[in-house]
Every structure is written in structure tokens, then in C-alpha cells.
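Report on one structure; see the data block that follows.
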Number of protein chains: 2
Amino acid sequence: MNIGEASTASGVSAKMIRYYESIGLIRAPQRSGSNYRVYSIDEVHTLRFVKRARNLGFSVDETATLLGLWQDKARASGEVKDIATSHIAALETKIAELQGMVKTLKHLAHCCGGDHRPDCPILDDLAGLSPPEPRKGH
Amino acid sequence: MNIGEASTASGVSAKMIRYYESIGLIRAPQRSGSNYRVYSIDEVHTLRFVKRARNLGFSVDETATLLGLWQDKARASGEVKDIATSHIAALETKIAELQGMVKTLKHLAHCCGGDHRPDCPILDDLAGLSPPEPRKGH
DNA sequence: TATAAAGGTTCCTGTAATGGGAAGGTCAAG
DNA sequence: CTTGACCTTCCCATTACAGGAACCTTTATA
């Protein structure tokens, strides 16, 4: 199987397969006589694993660790759970941040006439001209 | 006021102030005889505006637009509201994505013993060995 | 068979928004 | 006058890719 087929089979672009190889996330596959990369089914499975991990928001570094644990038949599931758990916490922090932004923006947009007048609470807030986030209850 | 003071007063690092100038987000300030950047109060206000917009998740490009609108005394608030509104939508999409990741990971982590046995539903899912997201009700 | 299209190869560039640091000029205090 | 804190420009690194140039190989077609 050359890189195009492996790409289709795994859902990882050929470009990314080469990239993952270059950074050492996956091992270099065998080469054909004409220097084409040749992939086995197992290698495609590895690519799929990587794809799934990336889709779940794991960084390439985290994915490398998970991949190592996956390929280690004697690994303990505790390690994996720890990685997943701290990843969940990081995601939740990010979510909270974004929700804070949304809340502020919604408040500002709500106060904004959205008409043809130049008055704009959003800009006023950005400029620091009005207290956007009441420090005390409302 | 030189760049260090402007940085302290605005909360934008000196490094970033130079960067914003280099990409044209802010205008180049005057220079002292010894080629030091010299900032006015107004320029510090601009930097604060930029900081606040970036904190609210607006990209540098969006910030440039908002800045233009802010400095345009004849602008209509509708334009600003539109930008804010579509930004809110983008943030909410991102939030939903992250929440999806968290949900899947929590499910997997919940199913994972976290003990010393090699069994691990998280890795099994990443490898595509088990149906992680039931397509039908549970 | 000649050729063209569709694949593969490496290598370089760019992205967004910074952080870090080197090499060197300037300013204020001791 | 030296020291240290500041400033200047310029280059490199980051993350996870995408795009493209230049060139080689395989396959399909005229």
C-alpha cells in the first residue's frame, strides 16, 4: 500500500503522514524499489489511532504517549486514564474561558442598538470607557 | 513615554507593541533623538483597546476592524454588532466542539478501571476497537 | 510506443500570535 | 566612568498543518 492508499484508508492526509513520520510520531515505513513508502495494515491502524486521538483534542505529544501505551502490551490503564483526565481538565478550562468571552460579548451586543447611530457599547467597553463586568452583583 | 512605560500602562508587552506596529495594527509612534519609540496617552489607550479585544478572543484582523470603527466617529454601531455577533457564533461552535470531546473522554475515562491491568477502554476506543459513541440511544 | 495524467519524492514557505535571545546603542545613577 | 537597565533591530522557535516547486515513477490512453 503506498501513501495515497494509506491516506484514504486512515483518513490522514499524505502530507500529514509524512509530517508525522518526520517528527517521529510514527516510524518510517518500508520503501519500494522506487523509493515509495509502503504501508502495512498495522501501520494504517496506527494512523487511525493517531487520527482519533487528534480528533479528541490530544496534542501530538500526548498522542505519542498514548501511542506508546497502546503499543505496550504490559501498560497499566491508570496512566492512560491520567492523561485523559488531565486533558479533560484542560479542555474544561478552555471552555470556561470561551464561555466568559461569549457572556461578555452577548451582554455588550444586547446593549448595542445595532442601528445607524455611532453609539456603541461594545466599542465603549473595548476602550475601557464603561464598566463591562460589574465586580459586584449586577 | 517610551515603550517600557507604554507596556506597563497598557498591559501589552513591549515585544507585542513592536509586533503590532510591524503588522500595521497600530501606527508607528514618534521617535526620540536616540531612536526610541515615544508614546502618547492616546496611543496607550489604543493599546488598551487592542488588549481588551484580544482578551475577548477577537483575532488581530478583527481587532484591526474594530479599531478602525472605534476611531471612526461616524461609524454605525450595527457594523460592530455584526462583528461581535459572528464572533459569538464562532466561539459557541468552538465550545460545542470542545464539549463533545469532553463528553467522549469522560465516558471513556469512566469506563476505564484506572488500575494496573492493561485493559483500557480509552486506548481501545482510540484504536477503533469498540463503539465509543453509540449511534442509537445508548 | 509515445505521451500524458496521476501518483510519488524532497524541500521550502507561510500561517497566528507570540516568546526568547543575540548584538549593539543609550541613558541614569553611583 | 562604569554598571545596569533600558532601548534598537534581527533572527529563531513554537503548533499542526497547507501549498507549491522541481523532479521522478507508474499507469492509462491514443
Side-chain angles (χ1 to χ4, degrees), chain A residues 1-26 28-40 43-44 46-67 87 90-91 94 97-98 101, chain B residues 1-26 28-40 43-44 46-67 87 90-91 94 97-98 101:
Chain A
M1 205 184 316
N2 56 27
I3 204 168
E5 296 168 273
S7 170
T8 304
S10 67
V12 180
S13 74
K15 205 91 185 181
M16 288 314 297
I17 294 176
R18 293 194 196 96
Y19 172 69
Y20 288 149
E21 180 188 326
S22 81
I23 61 172
L25 177 61
I26 59 176
Q30 287 202 298
R31 295 291 183 128
S32 72
S34 54
N35 203 31
Y36 281 20
R37 286 172 179 80
V38 178
Y39 295 90
S40 66
E43 286 167 315
V44 169
T46 299
L47 286 170
R48 267 213 268 258
F49 182 101
V50 168
K51 174 121 202 270
R52 176 87 175 125
R54 300 285 301 112
N55 280 348
L56 284 174
F58 288 101
S59 70
V60 169
D61 265 14
E62 288 167 329
T63 301
T65 304
L66 292 171
L67 203 47
H87 185 53
L91 290 175
K94 187 73 188 170
E97 257 179 51
L98 296 179
M101 293 177 190
Chain B
M1 204 185 319
N2 57 26
I3 204 170
E5 297 168 274
S7 170
T8 304
S10 66
V12 180
S13 73
K15 205 93 186 180
M16 287 313 297
I17 295 176
R18 294 192 196 97
Y19 171 70
Y20 289 149
E21 180 188 327
S22 80
I23 61 171
L25 176 61
I26 60 176
Q30 288 202 297
R31 296 289 184 129
S32 72
S34 53
N35 202 31
Y36 282 19
R37 287 172 178 80
V38 178
Y39 295 91
S40 68
E43 287 167 313
V44 170
T46 299
L47 286 170
R48 269 213 268 257
F49 182 101
V50 169
K51 175 117 203 272
R52 175 85 175 128
R54 300 284 301 112
N55 280 347
L56 284 174
F58 288 101
S59 69
V60 168
D61 266 13
E62 288 167 328
T63 301
T65 304
L66 292 169
L67 203 47
H87 184 53
L91 290 174
K94 186 76 188 167
E97 254 179 54
L98 296 178
M101 293 177 191

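Letters A, B, ... are given to chains in the order of the sequence lines, protein chains preceding strands, and every chain is numbered from 1.
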Would you please confirm or rule out a distance under 4.0 Å between OP1 or OP2 of dC7(D) and any side-chain N or O of Arg37(B)?
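Arg37(B) to dC7(D) OP1/OP2: no side-chain N or O under 4.0 Å.
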Along DNA chain C, first and last positions that approach a heavy atom of chain A under 4.0 Å:
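Under 4.0 Å from chain A, the extent on DNA chain C is dG7(C) to dT10(C).
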Residue among Thr63(B), Val60(B), Thr46(B) satisfying side chain to side chain contact (heavy atoms under 4.5 Å, CB included) with Tyr20(B)
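The residue from Thr63(B), Val60(B), Thr46(B) that satisfies side chain to side chain contact (heavy atoms under 4.5 Å, CB included) with Tyr20(B) turns out to be Val60(B).
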Looking at Val44(B), Val12(B), Ile17(B), which one forms a side chain to side chain contact (heavy atoms under 4.5 Å, CB included) with Ser7(B)?
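That would be Ile17(B).
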Verify side chain to side chain contact (heavy atoms under 4.5 Å, CB included) between Lys51(B) and Leu47(B), making sure each step is shown before the conclusion.
CA-CA 6 Å; Lys51(B) 175 117 203 272; Leu47(B) 286 170; over 6 Å; no
Passes side chain to side chain contact (heavy atoms under 4.5 Å, CB included), Tyr19(A) versus Leu25(A)? Steps please.
CA-CA 9 Å; Tyr19(A) 172 69; Leu25(A) 177 61; over 6 Å; no
Can you build the contact string for nucleotides 11-17 of chain D? Use B for base contact, S for sugar-phosphate-only contact, and - for no protein heavy atom under 4.0 Å.
-----BB
Apply side chain to side chain contact (heavy atoms under 4.5 Å, CB included) to residues Thr8(B) and Glu5(B) and explain how you reach the verdict.
CA-CA 5 Å; Thr8(B) 304; Glu5(B) 297 168 274; 5.7 Å; no
For Ile17(A) and dA18(D), what is the distance between atoms CD1 and P respectively, to the nearest whole Å?
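About 12 Å, once rounded to whole Å.
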Rounded to whole Å, how long is the line connecting atom CZ of Arg18(B) with atom C1' of dC10(D)?
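To the nearest whole Å, that distance equals 11 Å.
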Please walk me through it: do Lys94(B) and Glu97(B) pass side chain to side chain contact (heavy atoms under 4.5 Å, CB included)?
CA-CA 5 Å; Lys94(B) 186 76 188 167; Glu97(B) 254 179 54; 3.9 Å; yes
For Glu62(B) versus Gly57(B), what's the shortest heavy-atom pair and its separation?
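The pair with the smallest heavy-atom distance is OE1-O, 4.2 Å.
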Relative to the 5' end of DNA chain D, which residue comes earlier, Tyr36(A) or Gly4(B), by the nucleotide with the nearest heavy atom?
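Its nucleotide being nearer the 5' end, the pick is Gly4(B).
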Establish, from distance only, whether the side-chain atoms of Glu43(B) and Ser40(B) form a donor-acceptor pair under 3.5 Å.
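Yes, because at least one side-chain N or O of Glu43(B) sits under 3.5 Å from a partner of the opposite role on Ser40(B).
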